[in-house]
Amino acid sequence: MSRPSSRPASRPFLRQGRRSPRSWTSFAKNAPGASKLRQSLKPSAVRARFAPSPTGYLHVGGVRTALFNWLFARHNGGVFVLRVEDTDVARSKPEYAAAILSGLRWLGLDWDEGPQRGGPHAPYFQSQRLHIYREAARALEAAGCAYECFCPSDAFAGETACDCASLSPRDKGNRLRSGAAPALKFRVDTRRDVAVEDVIRGTVVFPAGSIHDFVLCKSGGDPLYNFAAVVDDNAMAISHVIRGDEHLANTPRQLLVYEALGLPPPIFAHIPIILSEQRRKLSKRDGATFLDEYEKLGYLPEALLNFLGLLGWSPGGDRELLTVAEMIAEFRLADVVKHPAIFDVRKLGWMNKEYLKAAPLAEIAARVEKLLPEDVRRRYGAGRIAAVTGLLRPRVQNLAEIVSQGWYFFTDKPVTPIPEAIAKYCAGPEPLQRLRELREQLARLKTFSEESVETEIRSLAERAGTKAAAYIHPLRVALTGQAVSPGIFEVCAILGREQVLERIDALIGALSGALRATVRMVP
RNA sequence: GCCCCCAUCGUCUAGAGGCCUAGGACACCGCCCUUUCACGGCGGCGACGCGGAUUCGAAUUCCGCUGGGGGUACCA
C-alpha cells in the first residue's frame with residue numbers, strides 16, 4: 001500500500017472532479033485492483049468519453065474507440081462525453097474538428113456533453129481550457145513534482161536525462177532573463193514500479209527505471225497529452241477511460257500525474273488497435289481509412305457500426321448481424337478481446353449489403369439520389385432512381401456501385417458496348433438478325449412492360465425455334481453495353497420503349513456496318 | 001536497444017480443463033437455381049505458432065522460445 005506520500009496539489013480546484021472516495025491506489029503492485037471498484041460502481045456513475053485530436057479526419061480506428069465508449073456508456077445508463085484534444089496548435093485544424101463532429105453525428109453516436117451541446121464541465125475544447133492546465137502545472141511545480149527544462153526541444157533522442165532538474169535558482173534566473181522559454185517536465189521516481197490496473201489487460205507492471213522524466217507542457221506553456229488528458233478526465237469526472245492500446249504505455253505516466261496531483265485515477269480499459277491488411281497501424285495509405293470516405297461510398301452507418309463493433313468485441317456465440325440496440329444491450333468490456341484485429345473491407349462489404357437488402361427501398365433510394373449529380377436527378381426523377389436502386393441493390397456492396405454500375409440508366413447518349421460484350425454475344429450475323437426481329441416486335445407491343453416484353457421475347461424464340469437467350473443477350477448488349485446486367489425485362493421496363501428502341505437501332509447500325517466490313521474483307 | 005501488449009482457419013471470432021475428430025461469419029472453391037450477373041439453397045477447403053511443465057485429461061493453466069504489434073516526441 002504505497003499511498004502517495006505528498007499531497008501537494010490538494011488544491012480546491014483540482015478536487016472538484018472527484019467522483020468517489022480514494023479507496024484504492026493502483027500504484028502499488030499489490031493494489032486491490034480495479035475489479036472491486038468496478039463492481040461497487042453504480043451504473044449511473046459511469047462517465048465515458050471520446051477524446052479525438054483534430055489533427056486529421058476521423059479514422060475508422062477512432063470511430064471504433066468512440067463506438068466502444070458510447071456503447072459502454074449507453075449500456076450502463078451513463079454519460080458519454082466528447083472532448084476535443086486540440087492542444088497541438090500546429091497540427092490541429094478547425095475543419096478536422098468539424099468533420100469529426102459531423103462524422104459522429106452521421107453515425108448516430110450522440111454525446112451527452114461536449115461541443116455544440118455544452119455541459120457542466122464546459123468548455124470541451126482543450127484549447128479553451130489552457131488556464132486550467134496552467135494552474136495544475138503551477139501546483140505540480142510548487143510541490144516539486146515538476147521542473148523547468150531549458151533544453152532545446154530536439155535534444156533528447158535517447159535516454160540521456162538532462163540536468164535541468166538540478167539547475168540552481170541563479171542559473172535558472174539567468175536563462176529566464178535571457179529569454180529562454182522552458183518546458184515543464186515531470187519528475188519521475190525511477191526507483192518505483194508503476195502498476196496499471198486495466199479492465200481488459202489485468203495488472204500491467206512497468207518496472208522501475210523504465211519511465212523517465214517527461215514533458216508536461218511545451219516551452220510556451222501548452223500542455224501535452226499525458227498532462228491535459230489527466231487534468232480533464234478528472235475535471236470532467238470521467239469514470240472509465242476506454243481507449244486504444246497504443247495508450248497503454250502512456251498510462252503509467254498519467255498515473256504518476258494523478259498521484260502527484262492527489263487525484264483518483266479512473267478505471268482504464270485499453271482496447272486492441274485495428275491493423276491494416278499489412279498488419280500495421282492503419283494509416284492514410286491503407287485505402288479507405290477515414291469515415292467520410294465510407295459515407296461517400298454509400299455505406300450505411302448501421303452497417304459500419306455493426307462491423308466495427310465486432311472488430312475486437314463479440315457478444316459470444318454466432319451473432320453477426322446486430323442492431324445498435326442489441327449492441328448496447330450486450331456490450332460488456334469483459335467481452336472485448338485482447339488481440340489486434342485486421343480491418344477486412346470485404347466483410348464490411350458483405351455486411352453493408354445485408355443492411356442494404358434489409359432497409360426500406362425508399363430510404364436507400366433517397367441515399368442514392370444524394371450521390372447523383374443534380375442534372376441527372378432532375379432529368380430522371382425519383383421514380384427511375386428508386387427502380388434502379390431496387391434492381392441493383394442485391395448486386396452491390398455500397399451505394400456508389402449503384403451509380404457506377406447503373407450508369408446506363410442515367411444517360412440519353414448512345415451506349416457504346418464494351419468489346420467483350422460484342423465478342424461474346426454479338427459475333428456473326430445471327431445476333432443482328434435477332435435484334436431486327438426484336439426491334440420490330442417491341443415497337444408493336446400494345447403495352448410496354450416487364451411482363452409484356454418477356455412474353456413477347458419468349459414467344460418470338462419459340463416461333464423461331466431457338467432459345468430466348470438468343471434474343472436476350474444481344475438485347476442486353478444493346479441496352480446496357482455490358483455482358484452482365486440485372487434481368488433484362490426489368491431493364492426494359494425502366495428504360496421505357498423509346499430508349500429501348502433507340503439503343504437497339506444504334507446497335508443494329510453498328511453491327512451491320514461491322515458486318516459489311518467483315519464481308520468485304522473475306523473474299 | 002529498452003519497456004509493454006498480443007498469439008484459434010487467409011480475415012473477424014466462439015471456446016473460460018473433458019460437451020472439440022475445435023463452432024459460426026467473411027473470403028475462396030464446387031454443385032443447384034437461372035437469359036448473364038447477383039440473390040437464394042446445398043456442399044467443400046481451411047486454424048488451436050513451437051517446446052517444455054501441471055493434470056487421468058489442455059485450444060483452454062504455468063514457463064520458455066518464436067512471431068506480430070505498440071510505446072519509448074516540447075503528437076495524440
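Below, read A as the first sequence line, B as the second, and so on, with proteins coming before strands; counting in each chain starts at 1. Quantities reported herein were computed from a predicted structural model and do not represent experimental measurements.
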Quiz item: If each of A:Arg201 and A:Pro486 is mapped to the nucleotide of RNA chain B with the nearest heavy atom, which maps nearer the 5' terminus, i.e. the 5' end?
Solution: A:Arg201
Quiz prompt | Rounded distance in Å between the C1' positions of B:C20 and B:A76 | solution = 44 Å
Self-check item: Residues in side-chain contact (heavy atoms from CB on, under 4.5 Å) contact with A:Leu224, at least two apart in sequence or another chain
Solution: A:Val215, A:Lys218
Self-check item: Distance flag, aromatic centroids of A:Tyr355 and A:Phe307, threshold under 6.0 Å
Solution: no
Exercise. Answer yes when A:Arg319 and A:Glu330 have at least one side-chain N-carboxylate O distance shorter than 4.0 Å, and no when they do not.
Key: yes
Quiz item: From B:A25, B:G71, B:A76, pick the nucleotide closest to the side chain of A:Leu224?
Solution: B:A76
Quiz item: In the structure shown, which nucleotide is the Watson-Crick or G-U wobble counterpart of B:G57, with both distances under 3.5 Å?
Solution: none
Quiz item: Starting at NZ of A:Lys347 and ending at P of B:C26, how long is that distance when rounded to a whole Å?
Solution: 7 Å
Quiz item: Contact class for A:Arg91 (heavy atom, under 4.0 Å): base, sugar-phosphate, or nothing?
Solution: base
Quiz item: Contact class for A:Ile457 (heavy atom, under 4.0 Å): base, sugar-phosphate, or nothing?
Solution: nothing
Quiz item: Is it true that A:Glu148 and A:Lys172 have a side-chain N and a carboxylate O under 4.0 angstrom from each other?
Solution: yes
Quiz prompt | Spacing of the P atoms in B:C48 and B:U21 (rounded, Å) | solution = 14 Å
Practice problem: Could you tell me whether the side chain of A:Ser53 has a donor or acceptor atom within less than 3.5 Å of a complementary atom in the base of B:C75? | Solution: no
Exercise. Once you apply the 3.5 Å cut-off to both distances, tell me the Watson-Crick or G-U wobble partner of B:U35, or none.
Key: none
Practice problem: Please determine, for B:C42, whether a Watson-Crick or G-U wobble partner exists with both distances under 3.5 Å, and give it or none. | Solution: B:G30
Practice problem: Describe the nucleic acid contact of A:Asn250 in one word from base, sugar-phosphate, nothing, applying a heavy-atom distance below 4.0 Å. | Solution: base
Quiz item: With a 4.0 Å cut-off on heavy atoms, is A:Leu311 in touch with a base, just the backbone sugar-phosphate, or nothing at all?
Solution: sugar-phosphate
Quiz item: Can you find a side chain N or O atom of A:Lys353 that sits less than 4.0 Å from OP1 or OP2 on B:C26?
Solution: no
Practice problem: Mind calculating the distance between CG (A:Leu321) and P (B:G24) to the nearest angstrom? | Solution: 17 Å
Practice problem: Give a yes/no on whether any side-chain N or O of A:Arg279 is located under 4.0 angstrom from OP1 or OP2 of B:U11. | Solution: yes
Self-check item: Under-4.0 Å side-chain N/O to phosphate OP1/OP2 contact, A:Lys357 with B:A38
Solution: no
Quiz item: Taking OP1 and OP2 of B:C39, is either one under 4.0 Å from a side-chain nitrogen or oxygen of A:Arg393?
Solution: no
Exercise. Would you tell me if any nitrogen or oxygen in the side chain of A:Lys218 comes within less than 4.0 Å of OP1 or OP2 on B:C75?
Key: yes
Quiz item: Taking the six-membered ring of A:Phe125 as reference, does the NZ or CZ atom of A:Arg129 fall below 6.0 Å from its centre and within a 45° cone about the axis?
Solution: no
Quiz item: Using purine N1 to pyrimidine N3 plus N6-O4 or O6-N4 for Watson-Crick, or N1-O2 and O6-N3 for G-U wobble, both under 3.5 Å, which nucleotide pairs with B:G51?
Solution: B:C63
Self-check item: Presence of A:His339 side-chain N/O under 4.0 Å of B:U13 phosphate oxygens OP1/OP2
Solution: yes
Quiz item: Sub-3.5 Å donor-acceptor pair from the side chain of A:Asp245 to the main-chain atoms of A:Ile273, do we have one?
Solution: no
Quiz item: At under 4.0 Å between heavy atoms, what does A:Val396 touch on the DNA or RNA strands: base, sugar-phosphate, or nothing?
Solution: nothing
Quiz prompt | Out of B:C3, B:C26, B:U35, whichever nucleotide has its closest atom nearest the side chain of A:Arg346 | solution = B:C26
Quiz item: Do A:Arg476 and B:U35 have a side chain to base donor-acceptor pair shorter than 3.5 Å?
Solution: yes
Quiz prompt | Any A:Thr87 side-chain nitrogen or oxygen under 4.0 Å from OP1 or OP2 of B:A76 | solution = yes
Practice problem: Classify the nucleic acid contact of A:Lys467 as base, sugar-phosphate or nothing, counting any heavy atom under 4.0 Å across all strands shown. | Solution: nothing
Quiz prompt | Among B:U35, B:C5, B:G10, the nucleotide that comes nearest once only the side chain of A:Asp344 is considered | solution = B:G10
Quiz prompt | Listed nucleotide nearest any side-chain atom of A:Val337, set B:G24, B:U72, B:A14 | solution = B:A14
Quiz prompt | Assigned partner base of B:G1, Watson-Crick or wobble definition, under 3.5 Å | solution = B:U72
Quiz item: From the list B:U36, B:C39, B:G71, which nucleotide is the closest neighbour of the side chain of A:Glu246?
Solution: B:G71
Practice problem: Can you tell me, in whole Å, how much space there is between the C1' of B:C9 and that of B:A47? | Solution: 4 Å
Practice problem: Determine the contact category for A:Phe214: base if any of its heavy atoms lies under 4.0 Å from a base atom, sugar-phosphate if only primed atoms, P, OP1 or OP2 are that close, otherwise nothing. | Solution: nothing
Self-check item: Atom P, compared across B:C12 and B:A7: separation rounded to whole Å
Solution: 12 Å
Quiz prompt | Of the listed nucleotides B:C12, B:G70, B:U35, the one nearest the side chain of A:Ala341 | solution = B:C12
Exercise. Give a yes or no on whether the ring-centroid distance for A:Trp313 and A:Phe331 is below 6.0 angstrom.
Key: yes
Quiz item: Using the benzene-type ring in the case of Trp, are the ring centres of A:His247 and A:Phe268 under 6.0 Å apart?
Solution: no
Self-check item: Shortest side-chain distance from A:Lys281, nucleotide among B:A38, B:G23, B:G71
Solution: B:G71
Practice problem: Name the closest nucleotide to the A:Leu275 side chain, picking from B:G69, B:U35, B:G71. | Solution: B:G69
Practice problem: Could you tell me whether A:Gly487 contacts a base, only the sugar-phosphate backbone, or nothing, with contacts defined as non-hydrogen atoms closer than 4.0 Å? | Solution: base
Quiz item: Is A:Glu141 paired with A:Arg138 through a side-chain N to carboxylate O contact shorter than 4.0 Å?
Solution: no
Self-check item: Interatomic distance at C1', B:G17 relative to B:G24, whole Å
Solution: 23 Å
Quiz item: If you find the nucleotide of RNA chain B closest to A:Ser314 and the one closest to A:His247, which residue's nucleotide is nearer the 5' end?
Solution: A:Ser314
Practice problem: Among B:G69, B:G71, B:A76, find the nucleotide with the atom closest to the side chain of A:Glu85. | Solution: B:A76
Quiz item: How is A:Glu320 classified with respect to the nucleic acid when contacts are heavy atoms under 4.0 Å: base, sugar-phosphate, or nothing?
Solution: base
Quiz item: Which of the following nucleotides, B:U35, B:A76, B:A38, is nearest to the side chain of A:Asp88?
Solution: B:A76
Practice problem: Assign A:Phe206 to base, sugar-phosphate, or nothing according to its heavy-atom contacts below 4.0 angstrom with the strands shown. | Solution: sugar-phosphate
Quiz item: With a 4.0 Å cut-off on heavy atoms, is A:Ala468 in touch with a base, just the backbone sugar-phosphate, or nothing at all?
Solution: nothing
Quiz item: Is there a Watson-Crick or G-U wobble partner for B:U11 with both distances under 3.5 Å, and if so, which one is it?
Solution: B:A25
Quiz prompt | A:Arg319 side-chain N/O to B:G24 phosphate OP1/OP2 under 4.0 Å | solution = no
Exercise. For nucleotides B:G69 and B:C62, find the distance between their C1' atoms and express it as a whole number of Å.
Key: 24 Å
